[in-house]
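The next block holds one structure in the form of structure tokens; read it before the comments.
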Amino acid sequence: MQATLATSQATWLRAVEEWINNLDIRSDGRENRRRLARILGFNADWKTLTTNALTWSTISERTGMSRATVARHLLALHEAGWIGRVAAGRSAAAKQAAGWTGDDAFLNDAPVYALTQPIDDTIVDINETPPTVSGYKEFPARAREAGTPAGAATRPSPTKAADGRPSTVPADRTLPAWPSHVTPSSKDESVLAGREWARRVPALGKLSDKHLRFLAKDFFVAGWTVRDLITALDALPDGRAQGQFVEGQWVPYSGADGIPAARLGHWVNWRLNAWRDSAGAVLESPTQQRTRRATAAKRAQEARRAAETERRQQLRQERSTPEYHAAKQACLDQILSRSRRSRPHWR
């Protein structure tokens, strides 16, 4: 089945819904397929029209369908040309077996699907390149075999933060602009980190990469990561959720969806300032706190083990002296003598 990348989410949703309504299947099957299609459509990136965060387990949880049912309806949409698989999912075990290292090696990768629309098979002259229409081009429903749709799976240029990552990463999977667990150390790296920050917190997409870099500048200098910034937007240093006092009571609230772009930078700055001391210096990041506590706990454990080893060694030395053995033998003789005196005498 030949397919072309959809022009928009709304167009794709209308078209696939009309196709589902005309299917000659049971009503519950149509409803399940409709729910699955809506989840794919509403969770697709509006620029690339691809999904990269929907695992089968996630779809199963949101629709209430079993994994087998999810797989069956995904296959039906794929064979009909309504979705194209850009990249298959990968388990954490498979990534580790392939040589992945770092935090990402312990995370499952969701499959990447493109929203497509079926088209009639046409004869294409192999000596001529088919024209591109409105920024997209025709490709088979299985996108891996014919190429990746534009913008759906670009890879960033190598940086020093990617050291240690295997070079066998498939080129058709979207990688983060900057690893969320690595602290950027230059302006260019900070821009990439700001872009990844906005990707992980969609509400920040209203701000430019340079603006986000400016907001996070002091925190990056202090050793913070994108993951720490995301945590700081939702939580205070004492562990409470971000919020404000209302009538003397702390009321948590999160999210920046309703804040206009003109005030969004002030909102981000206000929340990050909770992680500064009275002099304005940046506090320890959540990652640095965990690292410090883990290091302190490890040192305390090593100290306890050393003290226990020293105590046992001292005890062995005390028990190896002639005086200890003489005292031990005297105790044994005393116990034996008492045992003999307590025995009854029979005539």
Side-chain angles (χ1 to χ4, degrees), residues 1-91 94 107-122 124 130 132-154 170-174 199 202:
M1 169 63 69
Q2 292 289 322
T4 181
L5 194 64
T7 55
S8 69
Q9 289 170 293
T11 301
W12 184 86
L13 284 167
R14 285 195 299 267
V16 74
E17 185 125 354
E18 182 179 356
W19 170 73
I20 292 173
N21 291 335
N22 294 328
L23 290 176
D24 186 18
I25 59 176
R26 288 170 41 176
S27 59
D28 57 342
R30 279 198 301 271
E31 181 59 28
N32 286 339
R33 193 164 301 178
R34 186 180 295 110
R35 280 189 294 173
L36 188 145
R38 287 175 179 174
I39 285 180
L40 291 174
F42 289 136
N43 287 276
D45 184 272
W46 67 274
K47 291 182 180 179
T48 64
L49 295 180
T50 57
T51 65
N52 59 5
L54 289 177
T55 63
W56 285 14
S57 298
T58 302
I59 297 175
S60 177
E61 181 181 354
R62 294 184 183 179
T63 60
M65 295 184 288
S66 65
R67 286 175 58 90
T69 304
V70 170
R72 185 171 68 253
H73 287 299
L74 284 174
L75 178 62
L77 290 171
H78 170 75
E79 292 179 341
W82 292 106
I83 59 173
R85 193 175 71 173
V86 178
R90 280 195 305 270
S91 66
L107 301 176
N108 295 329
D109 283 340
V112 180
Y113 296 109
L115 305 185
T116 61
Q117 289 181 290
I119 59 175
D120 295 333
D121 295 337
T122 56
V124 180
T132 301
V133 181
S134 301
Y136 65 87
K137 54 188 177 182
E138 298 178 3
F139 63 97
R142 184 174 177 82
R144 182 187 292 275
E145 299 175 358
T148 304
T154 55
D172 57 358
R173 177 174 292 280
T174 303
R199 187 183 74 85

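Since the structure is predicted, the reported quantities are computational estimates derived from the model, not experimental observations. Along the sequence shown, the residues carry numbers beginning at 1.
Closest non-hydrogen pair, Leu115 versus Leu40, comes out as CD2-O, 4.2 Å. Minimum heavy-atom separation, Met65 to Asn32: SD-CB, 3.3 Å. Of all heavy-atom pairs spanning Gln9 and Gly41, the tightest one is NE2-O, 2.8 Å. Across all their heavy atoms, Gly29 and His73 have their closest contact at O-CE1, 3.6 Å. The two atoms that bring Thr55 and Pro111 nearest to each other are CA-CD, 4.2 Å, heavy atoms only. Closest of all the heavy-atom pairs between Thr11 and Gln117 is CG2-NE2, 3.9 Å.
Between Arg35 and Ile39 there is no side-chain heavy-atom pair separated by less than 4.5 Å. A heavy-atom distance below 4.5 Å is not found between the side chains of Arg72 and Leu75.
The main-chain N or O of Trp56 is never found under 3.5 Å from a side-chain atom of Ser60 such that the two would form a donor-acceptor pair. Side-chain N or O atoms of Thr51 include none that pairs as donor or acceptor with a backbone N or O of Val112 at under 3.5 Å.
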For side chain to side chain contact (heavy atoms under 4.5 Å, CB included), just list the numbers for Val70 and Leu36, CA-CA rounded to whole Å, side-chain angles, deciding distance to a tenth of an Å, and then say yes or no.
-> CA-CA 8 Å; Val70 170; Leu36 188 145; 4.0 Å; yes
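Salt bridge Glu31/Arg34: present, at least one basic N to carboxylate O contact under 4.0 Å.
Using a 30° and 60° split on the angle between ring planes, Trp19 and Trp82 fall in the tilted class, from 30° to 60°.
The CZ atom of Arg33 sits 4.5 Å away from atom CD1 of Ile25, with the distance rounded to the nearest 0.5 Å. Separation of atoms CG (Leu74) and CZ (Arg67) is listed at 10.5 Å; rounding is to 0.5 Å. How far OG of Ser8 is from CG of Leu13: 8.5 Å, rounded to the nearest 0.5 Å.
Checking Asp24, Ile20, Asn22 one by one against Arg30, the side chain to side chain contact (heavy atoms under 4.5 Å, CB included) holds for a single residue, Ile20.
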